[in-house]
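Numbered from 1 within each chain, the chains take letters A, B, ... in sequence-line order.
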Amino acid sequence: MTTPGAGSDSAPTSLAQRWLGGRSDETRKELVLRWVMTNAAFVGLVALIVISTMLSPYFLTEQNLFNVLRQWTMVGLIAVGLTFVIISGGIDLSGGAILACGTVVGALAMSKLGAAGAIVSVVFMGAAFGYLNGAVITWGRVTPFVATLGTMTVARGAALMLSDGRTVITQTPEWFQFWFGRGFIGPVPAPVIIAGLFFVAAAIALRMTRYGRLVAMVGDNEVAAYRCGVNVPRVKRSVYVIHGVGAALAGLLFLGRLGVGEPASGALFELNGIAAVVIGGTPFTGGAGGVGLTFIGLMVIGLTYNILNLLSVSPYAQDIARGVIIVVAVMFSVRSIRARR
Amino acid sequence: MSNLLELQGVTKNYGAVRALKGIDLTLRAGEVLALIGDNGAGKSTLIKVISGAIVPDGGRMLFEGREVHVRRPEDARALGIETVYQDLALFDNSDIAENLFAGREPVRHILGVPFLRRAEMHAESARILSTLKIHIRSTKALVKELSGGQRQTVAIGRAVAFSQRIVILDEPTAALGVPEQEKVLELVQQLRGGGYSVVLISHNLEHIFRVSDRMHVLRQGETAGVLSRSATTPEEVVQLITGAKRLVH
Ligand SMILES: Nc1ncnc2c1ncn2[C@@H]1O[C@H](COP(=O)(O)OP(=O)(O)O)[C@@H](O)[C@H]1O
Ligand SMILES: [Mg+2]
């Protein structure tokens, strides 16, 4: 059926319209504006890179950029899990605490089970905390915010208990330090490769597999998803497990880099992770978004920190600048969501 | 005509609200059954029982004479029953093809992982839309970008395209303009011609008298009467809806 304003099949489309996927009733200027709005984070990232390059000669060097990537691997791993959670319509605050508990469990397991055993234990621990989140949300019918706030406290408490509140010193084998900490493959830090693989696997799962559809359906319209035969509670539990595993991997990267278990580590990582997801343009309301967007958002945050450091801005002023940038970026991404409507 | 679907003594309570107080209903093979009643009469609740969206508190359901237990939407889908719900029917942030195939996406297994066959989804969706004579330019358009009429068309298209036996339509024309309403009625007639059974909920008596074979009138969770179109009048139907008259059978 044809409806007014929907355009007809034979309406001529300009090149710009075909490129930008616009509707036939939009002018070219509106189209360009719409493209900028829907890709606000990407445009912002490019602008940030251009301006930073002009401000600091060191900014656009291979070494600096890989440094930034390595510094943000841990938040990045948590942000990947958060992308699944937020697309499914939830939220998870426990990432930083699961990371901390992971560093402690890893450090303790290292001496008893060896590095491979430590990796398995930490990943299992992360999956267990994630499953706990999912179980409390689906069976306990507690809202994600409250449930994961509880798990955040529990995981942080467990880290403090297991470590007696102290840094846990341990010996890690060479290969573990290489892959989870200091190694390089060519110019690329090994932890960046590990985090990169996690990003790519997550992007494939979300965009190309049936599972990605299930997550988006649950976040978009839970009732309709149930009516289409989707096991909604199981999908919800799965996204929290993915998040828990990502946060545990981040804990292993901390352990690889610093060689210690630290119960106070990862503080506020979950907030930077959430900021990365939202700045990228994945809407808080769920049902849409992706890991690629999260990567863009992560780089906006990471490069902002980086350029402020390179310019030797005082740390206090940096905090203010970051706060402003997060709010402005979210303002833009909220607008871009409206533009997409 | 034989009975395709039969409900016996179906009850459903929402807390203190007795939404269905023991409904008997029959749907014959190849007929259009209109389900009629005032707002709150229990129409949507009743079709949700048939489609597995809710589980009734009591009663039996027979499909081709055999008792079936429909406890989940999948169970109804497996019997060849497809439903267009009155509310929350679509995924706004998903495209048309994703909506049409929601819950039954075609996949290809690579290393045991089910990868979507997106090209097939879009090609098949375009084919579905064209056989239903639905004109939407791209199956990649997001549903939230569509007009109210187009949205409803996608919801109906999904049910019609995948139904094997029964299509249930809960107020499918409520939000539509007149030409779009006609289109839906045409579709109902096509379904009937194709041997499907249709349960149609509508408040529009003119529509109902045009396309239905029988009418099942609900009032306050009870059956007020079951009428054959050829043996009744709009006046009688209105009397049943309002409670001015009651046919006990
Ligand atoms: N989920 C629900 N929770 C509580 N009451 C409900 C719910 N769904 C329906 N009802 C009540 O059940 C009765 C029948 O509703 P419904 O089947 O939607 O009527 P209709 O579709 O005929 O307008 C109404 O009184 C309605 O308020
Ligand atoms: Mg209703």
> When rounded to the nearest 0.5 angstrom, what is the spacing between OH in A:Tyr211 and CD in B:Glu105?
Replying inline: 14.0 Å

>> Is B:Asp87 close to chain A through its backbone or its side chain, or both, or neither, when contacts mean heavy atoms under 4.5 Å?
In response: both

> Does any non-hydrogen side-chain atom of B:Asp92 lie less than 4.5 Å from one of A:Asn221?
Replying inline: no

>> Is A:Ala225 in contact with chain B via its backbone, its side chain, both, or neither, using a 4.5 Å heavy-atom distance?
In response: both

> With a 4.5 angstrom heavy-atom cut-off, which part of B:Ala102 approaches chain A: side chain, backbone, both or neither?
Replying inline: both

> Does any heavy atom of chain B fall under 4.5 Å from the side chain of A:Leu214, the backbone, both, or neither of them?
Replying inline: neither

> Which value, rounded to the nearest 0.5 Å, describes the distance between B:Arg72 atom CZ and A:Asn231 atom CG?
Replying inline: 6.5 Å

> Checking B:Leu90 against chain A: side chain, backbone, both or neither under 4.5 Å from a heavy atom?
Replying inline: backbone

> When only pairs under 4.5 Å are counted, which of B:Gly103, B:Gly177, B:Ala89, B:Ala53 shares the most heavy-atom pairs with chain A?
Replying inline: B:Gly103

> In terms of heavy-atom contacts, does CZ of A:Phe145 have more than 12 from other residues, nucleotides or ligands at under 6.0 Å?
Replying inline: no

> Near A:Arg207 CZ, under 6.0 Å, is it more than 12 heavy atoms from other residues, nucleotides or ligands?
Replying inline: no

>> Can you tell me how far apart CE (A:Met217) and CG (B:Asn93) are? Round to the nearest 0.5 Å.
In response: 13.0 Å

> Do B:Ser51 and A:Arg227 get their side chains close enough for a donor-acceptor pair, meaning under 3.5 Å?
Replying inline: no

>> If you count heavy atoms of other groups shown closer than 6.0 angstrom to CZ of A:Phe199, is the number above 12?
In response: yes

> So do B:Arg104 and A:Cys228 actually touch side chain to side chain, heavy atoms under 4.5 Å?
Replying inline: no

> Take atom CZ in B:Arg71; do more than 12 heavy atoms of anything else shown fall under 6.0 Å from it?
Replying inline: no

> Within 45 degrees of the axis of the six-membered ring of B:Phe115 and under 6.0 Å from its centre: does A:Arg210 put its NZ or CZ there?
Replying inline: no

> So do the side chains of A:Arg213 and B:Pro114 get within less than 4.5 Å of each other, counting heavy atoms only?
Replying inline: no

>> For B:Lys48, which atoms come within 4.5 Å of any heavy atom of chain A: side chain, backbone, both, or neither?
In response: side chain

>> What part of B:Arg117 gets within 4.5 angstrom of chain A, counting heavy atoms only: side chain, backbone, both, or neither?
In response: neither

>> Would you say that more than 12 heavy atoms from the other residues, nucleotides or ligands in this model lie under 6.0 Å from the CD of B:Gln164, or not?
In response: no

